[in-house]
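This report concerns only the one structure given below.
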Amino acid sequence: MKKFAYRILLVGIMFLISVLLCVFVSQYGFFATFAVALFSLALIVWAVVFFNFFSGRNMADHRLVRFTKKLKKELKSASTVYIMGHKFSDLDSVGSAFGLYYALRDSYNVKMVVNKQNTLARPLVDFLRFSDRECQIFDYSEIAHTVDENSLLIVVDTHRLVIMDYVELYNSIKKVIIIDHHRTAEDFVDRTVARYMKSSCSSACEIVTCIIKLLGFEKISTVAATALLSGIMLDTKNFVMNTGAITFKAAAYLRQNRADPVLIKKMFSESVDVCKRKYEIISNVELFDNFAIAKTETEDKYTRIATAQAADELLAINGVFASFVMCPSEDKVNISARSFGDVDVQKIMAKLGGGGHKTVAACQLPTLDFGLARKKLTAAIQEYTRQK
């Protein structure tokens, strides 16, 4: 309807210009009319090229526009569309998955898949299930029997097979699409029909917000807008890190759709147990040059979130350029890395087989020997500083 209205308006403007040109010819002659027409053409070119309208195309680059067209083509031929994020899903993973799920569910058979037992975004998962009547979030065991040869899998917020929420789901589907904002790792998934990966984007939620605009959504629900804004706020540390002009345009669009930042702030709140564990980790910090290294050898349901929050908190220490926190995970040692951007922690984690972003990264070492893990970490830091 809007496209039709725009066409009528354009035809009307062209008709008015034609009438005015005829009047100019009769009153002022050909050359004066030609000068006016040339000036008008220059104004039109300036408006089209340089004037920024708040639209999906303005929020997206040409590569994302092409990706969105490819996405729509693959959606049409899919019997079922599955949307999945990464292991121990956070607000960005769940938020971007739900944003896509919301945008596609009225037109396609879409299922959102999250490991609800091992998610760090429990407040968001509960909010979605209780605030959106149509929202259905499945574990893999609940949808495994529905997969067929025409199924399509969309993976958000990761491109690495080893940290996908359900590797079994990836292995059972031929057509895979990747949407991610992390730098390309060595073990990236290359079996895809389409992928959009841009490390300059703040979050997967930012990319999905742009895609939703390109799909023609001027309005989305408060629930969807809040879910998407939560992922952006998490990965930008409340709009401090990894932000660009598009980040704020995406956030403005979500706020226009009544995203609730107060509710999101409540999602960031932590339990007493997590708080105690976080400060226990911080109290054991050691400095290696200008790098803060800490650890916890306790493994329980509070460990992962406390480790990530401790890594963020350690950056507040005067003179610390980057922080690293180690914690156990089954038979491995996880390392969470953070920086303000002066140190590229993704490059350090990549030396240990991990990945991530310039300011947020992680890795897993196949050992439970924290002494050995620390030696490998310090060696990777020293190699990075020499190369820098």
Side-chain angles (χ1 to χ4, degrees), residues 59 64 83-100 114 119-125 127 155-160 163 165 178-185 196-212 224-255 259-261 263-270 304-305 307-315 322-323 325 336-341 343-346 349 354-363:
M59 289 169 60
L64 185 56
I83 305 175
M84 175 179 71
H86 57 72
K87 288 181 181 178
F88 298 98
S89 51
D90 56 14
L91 296 179
D92 190 33
S93 178
V94 175
S96 56
F98 180 78
L100 268 183
V114 176
T119 179
L120 302 179
R122 172 59 59 186
L124 178 57
V125 171
F127 167 69
V155 179
V156 296
D157 203 27
T158 186
H159 59 277
R160 302 177 63 203
I163 60 172
D165 220 347
I178 300 289
I179 299 173
D180 192 17
H181 70 110
H182 296 102
R183 288 182 181 175
T184 305
Y196 184 82
M197 295 168 57
K198 189 173 182 180
S199 61
S200 61
C201 291
S202 70
S203 57
C205 282
E206 177 185 318
I207 299 173
V208 169
T209 301
C210 294
I211 291 173
I212 289 174
T226 300
L228 288 164
L229 186 59
S230 71
I232 295 176
M233 289 178 66
L234 174 73
D235 277 15
T236 61
K237 304 294 183 288
N238 293 324
F239 300 98
V240 174
M241 312 293 292
N242 303 326
T243 55
I246 304 301
T247 309
F248 290 99
K249 288 180 181 179
Y253 165 74
L254 297 173
R255 283 291 287 131
D260 189 345
L263 178 60
I264 295 169
K265 190 66 177 177
K266 291 179 181 178
M267 292 180 189
F268 291 162
S269 62
E270 57 198 35
R304 279 186 172 269
I305 189 167
T307 298
Q309 291 180 1
D312 290 330
E313 292 278 348
L314 287 171
L315 290 178
S323 63
V325 179
S336 294
R338 302 289 188 272
S339 79
F340 284 125
V343 173
D344 191 336
V345 291
Q346 187 273 337
M349 293 294 97
H357 213 276
K358 185 176 183 179
T359 58
V360 180
C363 74

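Counting from 1, the numbers follow the sequence of the chain as shown.
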Self-check item: side chain to side chain donor-acceptor pair (under 3.5 Å) partners for H181, two or more places apart
Solution: D92, D157, D235
Quiz item: Below 4.5 Å, heavy atoms only, C-beta onward: do L91 and M233 meet side chain to side chain?
Solution: no
Quiz item: Strictly by modelled atom types, are S89 and T119 linked by a side-chain donor-acceptor pair under 3.5 Å?
Solution: yes
Exercise. Supply the atom-to-atom distance I207 CD1 to M197 CE, rounded to the nearest 0.5 angstrom.
Key: 9.5 Å
Quiz item: Minimum heavy-atom separation for L120 to R304, with atom names?
Solution: CD2-CB, 4.1 Å
Quiz prompt | I83 CD1 to S93 OG distance, which is reported to the nearest 0.5 Å | solution = 11.0 Å
Quiz item: Is it true that a side-chain atom of H159 and a backbone atom of A185 form a donor plus acceptor pair closer than 3.5 Å?
Solution: yes
Quiz item: Who passes ring-ring contact (aromatic ring centres under 6.0 Å, His included) against F239, sequence neighbours left out?
Solution: F248
Quiz item: Looking only at heavy atoms, what is the nearest atom pair of F268 and S230, with distance?
Solution: CZ-O, 4.1 Å
Quiz item: What is the distance from atom OG of S336 to atom CD of Q309, rounded to the nearest 0.5 Å?
Solution: 11.0 Å
Self-check item: Closest non-hydrogen atom pair, I246 against C210
Solution: CG2-SG, 3.7 Å
Exercise. Heavy atoms only: give me the nearest S203-G231 pair and the separation to one decimal.
Key: CB-O, 4.0 Å
Exercise. Working to the nearest 0.5 Å, report the span between CD of E206 and NZ of K198.
Key: 8.5 Å
Quiz item: Quick one: are D312 and K237 in side-chain contact, heavy atoms under 4.5 Å?
Solution: yes
Self-check item: Which atom of K358 lies closest to which atom of D344, heavy atoms considered
Solution: CA-OD1, 3.4 Å
Quiz prompt | Residue pair N238, K265: steps toward the side-chain contact (heavy atoms from CB on, under 4.5 Å) verdict | solution = CA-CA 9 Å; N238 293 324; K265 190 66 177 177; 3.8 Å; yes
Quiz item: Do you know which two heavy atoms are closest between V345 and H357, and how far apart they sit?
Solution: CG2-O, 3.8 Å
Exercise. List in chain and number order the residues that pass side chain to side chain donor-acceptor pair (under 3.5 Å) with N242, two or more places apart in sequence or in another chain; answer none if no residue qualifies.
Key: T359
Quiz prompt | By side chain to side chain contact (heavy atoms under 4.5 Å, CB included) - contacts of L314 (at least two apart) | solution = I282, V285, A292, A294, I317, S323, V325
Exercise. Kindly compute the distance separating CG (L254) from SG (C205), expressed to the nearest 0.5 Å.
Key: 8.5 Å
Quiz item: Between I211 and Y196, is any pair of side-chain heavy atoms under 4.5 Å apart?
Solution: no
Quiz prompt | D260: partners by side chain to side chain contact (heavy atoms under 4.5 Å, CB included), with sequence neighbours left out | solution = T226, V262, L263
Quiz item: Taking C-beta and beyond as the side chain, do I212 and Y253 meet within less than 4.5 Å on heavy atoms?
Solution: yes
Quiz prompt | Beyond-backbone contact of V156 with M84, side-chain heavy atoms, under 4.5 angstrom | solution = no
Quiz item: Residues in ring-ring contact (aromatic ring centres under 6.0 Å, His included) with H86, at least two apart?
Solution: none
